[in-house]
Amino acid sequence: MTLPLAVALDGAGWHPAAWREQNARPRDLFTARYWADLVRTAEDGGIDLVTIEDSLGLQSSAFGRPDDRVDQVRGRLDASLIASFVAPLTNRIGLVPTITTTHPEPFHVATTVQTLDYASRGRAGWRAQVSGSPFEAKHFGRREFPEFTIESLRGPAGEAVLRELFDEAADAIEVVRRLWDSWEDDAIIRDAATGRFIDREKLHYIDFAGERFSVKGPSITPRSPQGQPLVAVLAHQTIPYELAARGADIVFGTPFDEAGARGILGEIRDAESRVGRTGRPLEAWADVVVVLEETTAAARAVLDRLDERAGAPLASDALVFAGTPADLVDLLESWRAVGYTGFRLRPARLPDDLRQIVEHVRPRVAAPADAPTLRERLGFEPAANRYTDTEENAA
Amino acid sequence: MSTAKRQVHLAAHFPGVNNTTVWTDPRSESQVEFSSFEHFAKNAERGFFDYLFLAEGLRLREHKGRIHDLDVVGRPNTLAILAAVAAVTEHIGLVGTLSSTFNEPYELARALSSLDHLSNGRAGWNVVTSSDAFHGANFRRGGFLEHSERYTRADEFVSLAKEWWDSWRADAVAADAASGRFLSSDDAIGEVVHRGRHFDVAGRFTTPRSPQGYPVIVQAGDSPDGRDFAAHHAEVIFSLHTEFEDAQAFYADVKGRLPGRGRTEDSLKILPAVGFVIGDTAADAAERAREVELAQVSGQTAIAFLEQVWGRDLTAYDPEGPLPDVEPDIEGQNITRGRVRHVTDIPGVVAAWRQKAEAENLSIRDLVISLSSRRGFVGTPDHIASEIDRYVQSRATDGFVVVGTTNPYGLDEFVDRVVPLLQERGVYRTEYPEGATLRENLGLPALESDAEEARHVG
């Protein structure tokens, strides 16, 4: 049985002190070569897809607000453009940038991911993420978001804020997906006899009209190789699970142990039935932050060293695993038995933990076969087009 | 051979979605597959072009209420394709048209800065404004902008983008593992606070200062507002003035506005868009040009062209026959949407066209060809090279944005046959300067914020 593995790329790694490691390349974080090297390493090592983190605000050690630290990595390049850059330099690996649903125009998001799909010949995905912090909203100056903390988000007012952000995200994903379908596969006909470049009956206005915005369509970009690139959502609680159930193909969950793994999977399936998801159920994948060494003691020593340099133990939304590749594989196997069908590993250090993954984790779990597109590699059916053969939708 | 010769600058326009591109040509390939962009970019780089240029699409054109289907339709996202092209090229600049209306300064500034990082300093931005509800229907913002506000928003947009680009100190990233300082100082990343007519924003930027500081600013507007905007911000003008004397007048006008802005003549390059048809002899070139024109303007295309001005359905008329005898419907002027048309005096235009057609005995199709064919150079490689040289030495332009008629091979012949002649004349580079940025390739001065002293090249 095969087990897809994703690697989540972020800066010098997911530990805030990772950039000070001997093999880190902190001076190269904003260069093309750095990202090309990492993604090629992952591809050559049989990783199925990489995600690339992004945000519309500077990284921060504080929740929902900026900090003034100078001892951690600050700054990043646009993830979708990193993915596009890497696309022609790779051949097999899926490329899944993070793009937020909150401020950007869904029309631009749709064509960005379609173009990534063209440049990668069918290996594009999109990690859709909300961006709810007030300081990020101030970069745009068009909306005001209330200040919040982890605690305040648990109350009714916090829930209302989350609902608004995630409902908007659901609308954005819906718009993007409709735009992806808005050209049928064979819309370009180049029919010299009739002088028509396209068959406009195969282009469709999406006519999305929501509470927050409306979008006419069609996309400016013809339907891309996968038709529907894969959409992933990272989720930790009810409202985000529902967003994933409404709009995503893959949900990244964050269990800390086997009981939590079961509980999260149950919540995901509940969310699917609450929102009335039809068609293929969500692929539930689990995220783990990894520090990998030959022995458990060595891995813990690395984590201690990193924590000491950072001045605090690594705080993460996901399990922080410090141990051997073999023990990590045992953990993944036990969660697979619960029902997870893939894993996204977040290397605490780049490139050290990425190397550990490709050299010692990947060989221990059977990889899906190479396939031309990311959908095929992960066992998804070809994407049906919602507009095909529905004449009332014709332009 | 004189070292005082002015140097020619060339840009390569990837053919867009209009009837320039002859999609019926058997050599014509996909306008969206990456292989087309890769060939086009590598060929332009082989020809030492300063940059490749991409237009932008925000909505598909409509004609008589339906999506226009006679020309090439569909293109990729501008920024995403430029980032991918950056990976398969080394020297050529990457310039994209990006609307200042349907983007926000923060996100566009970070995307352009990212492109500049990923390409090692080869990014450029053709700033355009748009205001109409037709395009706005695809965006959250909708069609919100008064026409008169287009340039005030564009001006504030670019100024604000520059604030974001300037907000990281050049030496902000220390990345000193030993001392534990990633940022070099507490104020390595400046706080931007901007309160203006169109934007009220504050915060810190996510992206370090890029190799060029910021992308080369290109602009295409031609109105007095547009020219003022250009004199303030633009480093390249993508001009429509191709007739020699008209081009000289435009050149003098725009360059004359620069000293008032404290800028030198070299800080702005003017590059008109031109087509070209190459032949072994003048007659051969003229014959090929005629074939291209007929392919660009089919009978249906000619009728659709007239319908834009007549404002009514003219499909009953024979494109090979005389002009329609019906009068234009002045109210029906929105027959084509998504394409800029500048006709205001409809009866006057129609009268002039009828007069021209009668005097020259032109059919509908002939008339449209004579009105719409892209002004350009038709002739032998030597003729084209000498014309390009003449324009540049006579200060009618600083060079050209060249567009071919097929995609993606339309510039191959230009690179094979015209570029060597420009090189022989000593007016065109024979190699890229090692590691040069787009700004350096264009011979533009370094940004003041980057330079101890402005450096002039060429």
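None of the values given here were measured: they were computed from a predicted structure. Chain naming here is simple, since letters A, B, ... match the order of the sequence lines and numbering starts at 1 in each.
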For Trp180(A) and Trp126(A), take the angle between the two ring planes, folded into 0 to 90°, and tell me which bin it lands in: parallel under 30, tilted 30 to 60, perpendicular over 60.
perpendicular
With under 30° as parallel and over 60° as perpendicular, where do the rings of His135(B) and Phe102(B) fit, or are they tilted in between?
tilted
Is chain A contacted by the side chain of [X], its backbone, both, or neither, given a heavy-atom distance below 4.5 Å?
X         : value
Glu33(B)  : both
Phe205(B) : backbone
Ala178(B) : backbone
Ser298(B) : neither
Glu62(B)  : side chain
Ser185(B) : backbone
Ala188(B) : neither

For the candidates [options], which exhibits the highest count of non-hydrogen atom pairs separated by less than 4.5 Å from chain B?
options                                   : result
Phe213(A), Phe85(A), Trp183(A), Phe140(A) : Phe85(A)
Ala36(A), Ser55(A), Pro66(A)              : Ser55(A)
Arg76(A), Arg190(A), Arg196(A), Arg121(A) : Arg190(A)
Val175(A), Asp191(A), Asp199(A)           : Asp191(A)
Gln22(A), Arg69(A), Gln59(A), His108(A)   : His108(A)
Leu116(A), Ile206(A), Ile189(A), Asp54(A) : Asp54(A)

If you count heavy-atom pairs under 4.5 Å with chain A, which of [options] comes out on top?
options                                   : value
Arg181(B), Glu104(B), Arg59(B), Arg110(B) : Arg110(B)
Thr207(B), Asp200(B), Val72(B)            : Val72(B)
Asp176(B), Asn120(B), Val88(B)            : Asp176(B)
Ala86(B), Ser184(B), Gly57(B), Gly203(B)  : Gly57(B)
Leu115(B), Thr24(B), Val32(B), Asn138(B)  : Asn138(B)

[X] versus chain B, heavy atoms under 4.5 Å apart: side chain, backbone, both or neither?
X         : answer
Leu58(A)  : both
Gln72(A)  : backbone
His103(A) : backbone
Ser224(A) : neither

For [X] and [Y], which I'm curious about, is there any donor-acceptor pair between the side chains at under 3.5 Å?
X         : Y         : result
Ser219(A) : Gln114(A) : yes
His63(B)  : Asp69(B)  : no
Asp28(A)  : Thr31(A)  : no
His139(A) : Glu107(B) : no
Thr406(B) : Arg27(B)  : no

If you define the side chain from C-beta out and look only at heavy atoms, does anything of Ser30(B) sit under 4.5 Å from Ser35(B)?
no
So do Tyr34(A) and Leu9(A) actually touch side chain to side chain, heavy atoms under 4.5 Å?
no
Walk me through it: do Trp125(B) and Phe157(B) pass the test ring pair (Phe, Tyr, Trp, His ring centres under 6.0 Å)?
CA-CA 13 Å; Trp125(B) 172 24; Phe157(B) 192 114; 5.7 Å; yes
Go through Arg20(A) and Asp71(A) one step at a time and tell me if the salt bridge (Lys or Arg N to Asp or Glu O under 4.0 Å) criterion holds.
CA-CA 10 Å; Arg20(A) 295 177 65 183; Asp71(A) 64 332; over 6 Å; no
How far apart are the C-alpha atoms of Asp116(B) and Arg122(B), what are their side-chain angles, what is the distance that settles it, and do they pass the salt bridge (Lys or Arg N to Asp or Glu O under 4.0 Å) test?
CA-CA 6 Å; Asp116(B) 206 40; Arg122(B) 297 188 277 139; over 6 Å; no
Only pairs under 3.5 Å count here: list side-chain donor-acceptor contacts from residues 76-85 of chain B, not counting sequence neighbours, and write none if there are none.
| unit_1 | atom_1 | unit_2 | atom_2 | d |
| --- | --- | --- | --- | --- |
| Asn77(B) | OD1 | Leu79(B) | N | 3.2 |
| Asn77(B) | OD1 | Ala80(B) | N | 3.0 |
| Asn77(B) | ND2 | Thr111(A) | OG1 | 2.9 |
| Asn77(B) | ND2 | Thr112(A) | OG1 | 3.3 |
| Thr78(B) | OG1 | Ala55(B) | O | 3.4 |

